[in-house]
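So that we are looking at the same thing, I have put the structure below in structure tokens.
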Amino acid sequence: MMLSSLHTTMSSVKTDIVVFGATGFTGRLITRYLSTHPQFTQHLFSFAIAARSQSKLHTLVQELDLPPNINTLQLDVTDHKSVEAAVKSARVVINTVGPYWTWGTPVVKACANNGIHYVDLTGEDMWIREIINKFDYLATKTGAVIINSCGYDSVPSDASAFLSNKTLKAHGPYDVGTSMTAHRVRGGISGGTLSTMMTAIEDVPKEKMQESIDYSLSPVTGPALPRFQFLYTQSIPGESTVPGGFFFMQPTNRKLVQRTFGLLEMEVKNAEAPDTPVEAIRNARRERYGPAFAYDEFLVMPSRLSAVIFSAVFAIGFGMLAYITPIRWIVKKYMRQPGSGPSEERATDWIDRDMAKGFFSATNHTISTSTPPVHVKSVFKGDRDPGYALTAIMISESALSLLLPPVSSTASQPSPSSSAKSLTLPEGLPVLARKGGVLTPMSALGDVLLTRLVDTGRFSIESHVVGEGASEETRKNQTHRSSIFSMAPSSDKASFRATLASAENIIILSGAGLSAASGIPTYRNADNSLWNNFDPLAYAVPEAFKDDPIGVWKFYHRRRAEYLLAKPNNAHRALAVLAHPPALARIAPHHKAPRVLHVTQNVDALALGVLESLPDQGQGGPSEAEGDVPPPAKDSLIEMHGDIFVTRCTACQHVQRSYTPALASALAELEKNSASDDGAADAAGGPAITLAQLPKCGGDAWAGSNRYGRCGGLLRPEVVWFGEVPPLMGEIARRMSKCDLLLVVGTSSTVQPAAGFAAQVKKNGGTVAVFNLGRSTGDEEADYMFLGPCDETLPDLLEVEKEMAQLWPQSQPV
Ligand SMILES: [Zn+2]
């Protein structure tokens, strides 16, 4: 005993999440989801995968191409020591090993004993009751948060009722009377779910089944709940009545939602104790659903008749399974085994194609107990197969809710150092989570989980007061209040790549963030000493050049010198590969002649330099029907704000590109003399330069001719100054009108010109994807968003690492 406890103390470093049953169908989806999670790729959490078979784990590692920092753990759920060791190595356990009645109890026991948080996917309410009885009290002592049913059972039901109550309370001090959710669903049922149903019928002692009545999971009893019905209806004010039949998940979902209700009622009771802080009392009253809360749900059917038939078939089928043994044998024989999905194919291939077709929606109609009643409508939707893909997301985000704040709710990112993390829960979770115990998704995680789900881009949430209970004004307010839950852009890589594959006219719009990794200072970069105490905008107007051409040239001379030192980064290279015809044909193979146009707002010529370093694009490139084919680089790149290495003669309009460090010898002298002065702050001062010494048409050696290109006229940088119209706007607009995929890189999609382009592309039915360091308000309009340095996100998302290594072998990291 002494030895074993010594041993466990020594097995030091904790993994944030351990996935139990990782090699099962859902376990694999969870593993895949977590391994590509943005907070994982930013090293904000660690996870390990555990399963009975070490060889299956290795197969999974290879199949999913998992990074080496994901550990594997051999786990035998029948061996108490094995379970104990695996649980102790985790902060949060994701348990997918069912049937839970058979395998789940030792895992929960170990978690409750050791204060380890736990989430699972069970729909077995008899078992949940068992673990509440055995471990709820213990878990509140150790602080373990045990949350059952974090998948399609029962998050949508729990969340839809939770949302309606939140909206109702925001409207006034109302209590909920009835709360009814209408489910719509398309997708498969996993072997685990079927197995759960059979377990319910076969393995659970009959006296336990008798216990599973409406409030079997709730610490308090509420009003009587409606019995089984052949026909259900939902009548939301202002909408037509929706009919439906009995939903086979209703028995579990309803008990779980009533447990959320019961736990919140208990909080109010607890708050009534003397010396409770006023804030805690208020909080408990705001969260509670109210003593009259009665929840029910059904499955939407196309008509009343089909609803009745559906309910009847279900009732008869269930009765036959339960009471006629041979039928059960037959069903079991043909039933999928737990761990297998609806297809023999690899889960990873399957999810992208078939699962994309699934969806669910849970529409909740909640009515207050007041007279007249207030009606609230809440819709919780998911886009993907609910039984598999979305279940994997829901349980993963539930586990993460116990570890990290959501991406969208944090201005400053938490520290990436895992060891610095304490065992305390992140901020924003409900009080109940801080107390520990056997909880439900909403009572433990509430808004934090909802925000996380919306952040994934796979879920949407809306909730507002409807009907006469709300004036137009309050209705608007309610919608606004719930607007943090509006549809967010997706960060699903596979989905983005599929969109890219079928694109025909791709346009990249890039901004300062593209060149950030190249060390190009931006206007707003206050850290850069060069621009300290200096307003660069003062020089970027035509008037400045008219008034003080010498000062403006000094300024641009310094910027050219700065830019000459900058080298293209991997974001430039990734975008250039996209414009390389052979690569583009591979990346976007659905159309015969896909095209890419890169419109950059940067004047640093880095994108151009990389394009010019590509091998000759020859005749294989995409060509325009109009005939006149411009050189490849120009065809695929527009520097819409000009180029700092290009000059234009103010007299003859001759345009020329030059990478010479100093365009006039006087400027070169300036360089030598001003080595010690503090940058451009005195750009107008410094050594004396005369107007005649500024860069001129024909160069320093100009000898009085007036030929085109050698006329002696004053040159100006060919950059677009404020108030000037970018020269190729017409061409950009023409290409933009055909664009079906706009990649906004290194700039927000909400500032001009990106905002206008994004709106135009969306209006034409195209897709907008944002690649930027951070999110800005309004970016929600984008279809995809990939946050992070774009020199890291772009090569990965475009899957061009191979081509990059071939085309620029010397630029690759060793
Ligand atoms: Zn000239």
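Just so you know, these numbers use all the heavy atoms, side chains as well, and skip hydrogens, waters and symmetry mates. As the structure lists them, so they are numbered: ligands from 1, and atoms in each ligand from 1. This one's a predicted model, so the numbers in the text were calculated from it and none came from an experiment. We're numbering straight along the sequence, starting at 1.
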Inset, instruction - Return the orientation label for the Phe645 and Tyr659 ring planes: parallel under 30°, perpendicular over 60°, tilted otherwise. - result: tilted

Legend entry - Distance (rounded to the nearest 0.5 Å) between His572 NE2 and Met804 CE: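 With rounding to 0.5 Å, NE2 (His572) is 11.5 Å from CE (Met804).
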
Inset, instruction - Return each pair, listed once, that meets salt bridge (charged side-chain N to carboxylate O under 4.0 Å, His left out) where at least one residue sits in residues 695-709; pairs must be two or more places apart or across chains. - result: none

Inset, instruction - Look at the side chain of Ser515 and the backbone N and O of Ala512, then say whether any donor-acceptor pair between them is shorter than 3.5 Å. - result: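 Absent.
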
Legend entry - Shell of protein N/O/S atoms around the Zn ion (ligand 1), taken as anything under 2.8 Å: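 Counting only protein N, O or S atoms under 2.8 Å from the Zn ion (ligand 1), the list reads Cys649 SG, Cys652 SG, Cys697 SG, Cys711 SG.
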
Legend entry - Output field: ring centroids Phe771/Phe496 closer than 6.0 Å: yes

Legend entry - Side chains of Glu504 and His590, donor plus acceptor under 3.5 Å: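 Per modelled atom types, Glu504 and His590 side chains form no pair under 3.5 Å.
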
